[in-house]
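Along the sequence shown, residues carry numbers from 1. We use all heavy atoms of the structure for the numbers below, so side chains are in, but hydrogens, waters and symmetry mates are not. Everything numeric here is computed off the predicted structure, so don't read it as measured data.
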Amino acid sequence: MCSTENNPELQPTSSDPALLLELKTRRPPSLVERAGRETWSVDFSPDGAWFAWSMGHGIVWVVAWPLDSEESQNGETDRGDKSFSCGHPVWGLAFGPRPPKSNATACPAKARSEGKNSLLLATGLENGVIKIWNVLTGSAVFDLHGHEGVVRDLVFPQNGTLTLISSSRDKTLRIWDLAHKGKKVQVLYGHKDWISSCCVSSDCSMIASVGRFDRMVCLWSLRSYTFIRNLTGGAHKTVYLLSSCDFSPDGAILATAAFSGSSWWIDLWDPYTAEKLATLADYFEDYGQNQISAIQFSPNGLHLTLVTDDRALRIWELGEKGMVMETKRDRDSNGLCCKYHPQGGVVATGTRDGHVRFWRAPSAVPSLCHLCRSILRHSISTHQIEALPLPKRILEYLTYKNIPERLKSCCSSDEEEWES
């Protein structure tokens, strides 16, 4: 546990109507201007009851969600918040699968007082070690050793297993079986330089990873632990860096983010066919003069969230030209990461100064067409879809090949396409 002098405090919202809350870290004077205070990673637990962020200087804070600003302002801060001192800067973190259902997990307050259930939190450190914590008891469980560089990203598949995927600056990904305390490890080789980010498809069949400097977008099989293919990102740029990647909730799209010295862009890929569906910089104006740090799809798959260094947050709706939400231009925001709440509605972003902001995400009701496509694509690949005897327009919709056409024509809705 860390000392209370580093406790975060809730700040009132600013004039930006989209900003719900801001958590600012109270640091001793000796640490205020020191390097290492960045919030490189944030995460919500699978049930949305906990929120964790790396607040810098090797400290991770875990708080019960939702936060209550009135209680905090009245001095009632005993919400079961926990802090973990990792000893080294924390670059990646991820909550483990949802704990077994019980009265304790149904009520976070009871869960915090009963230790019979476990909610794991994995933290990736600068020295290559991964520390596993039990959030409900506040204790360290065990360490994972093997990486020889910064552990940049961590992710648990959505199938509820105790499988942890880690990516590192040592050019490798590792797949750990936490049920055996990480003793069974699969190592994936193929990248030629630092790995910036990794993600897992919703059906838990594929892992995607992007290399910071080698400009590789790699797909791996999570079933056979083998290399599938390398997608060539940003084919029209000569010198660029890849920063982030994410699968859509149905697994049919892989989004990758890249930037060069004067612009950024996002490529949308079909992971089954290796086809590039669209490059977003081709359709947006005046959005590319900054570095892009992170991207994530919304839980319903309607939106893609972007974090750049000139604005805290941008949100794009698939197939629409322009952004559905943009926070105010703020050069001091220095956004590094983002994470949706599992039920949507809220996006958390982390900054270089160790603070966290919570934003109100646009609300949208998915159309019946979108829901049917999402359910279908969750279990059926592009090749299987294309083999179906369906009209061309429906096939394009189901395989997301209609996105470039919609960006050019700015169609108003999916229903209009189907009716036509």
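Shown here are the side chain to side chain donor-acceptor pair (under 3.5 Å) partners of E386, two or more places apart in sequence or in another chain: K401. Residues satisfying the side-chain contact (heavy atoms from CB on, under 4.5 Å) criterion with L222, sequence neighbours excluded, are P157, I165, I175, V200, C204, I207, Y225. Every residue meeting the side-chain contact (heavy atoms from CB on, under 4.5 Å) condition with P362, not counting sequence neighbours, appears here in chain and number order: H303, I315, V324, M325. A search for side chain to side chain donor-acceptor pair (under 3.5 Å) contacts involving Q186 returns nothing, not counting sequence neighbours.
Counting only residues at least two apart or on different chains, the ring-ring contact (aromatic ring centres under 6.0 Å, His included) pairs with a member in residues 122-144 are F84-W133. Screening residues 177-198 for ring-ring contact (aromatic ring centres under 6.0 Å, His included), with sequence neighbours left out, gives W194-F213.
When ring centroids are compared, F95 and W50 stay outside the 6.0 Å threshold.
Side-chain contact, S197 with D153: a donor N or O sits under 3.5 Å from an acceptor N or O.
With rounding to the nearest 0.5 Å, the separation of OG in S196 from CG in L241 is 7.5 Å.
Under the 3.5 Å distance criterion, the side-chain polar atoms of T327 are matched with a main-chain donor or acceptor of L313. Within the 3.5 Å criterion, the main-chain N or O of Q343 finds a donor-acceptor partner in the side chain of H341.
By the 4.5 Å heavy-atom criterion applied to side chains, Y272 and M206 are counted as neighbours.
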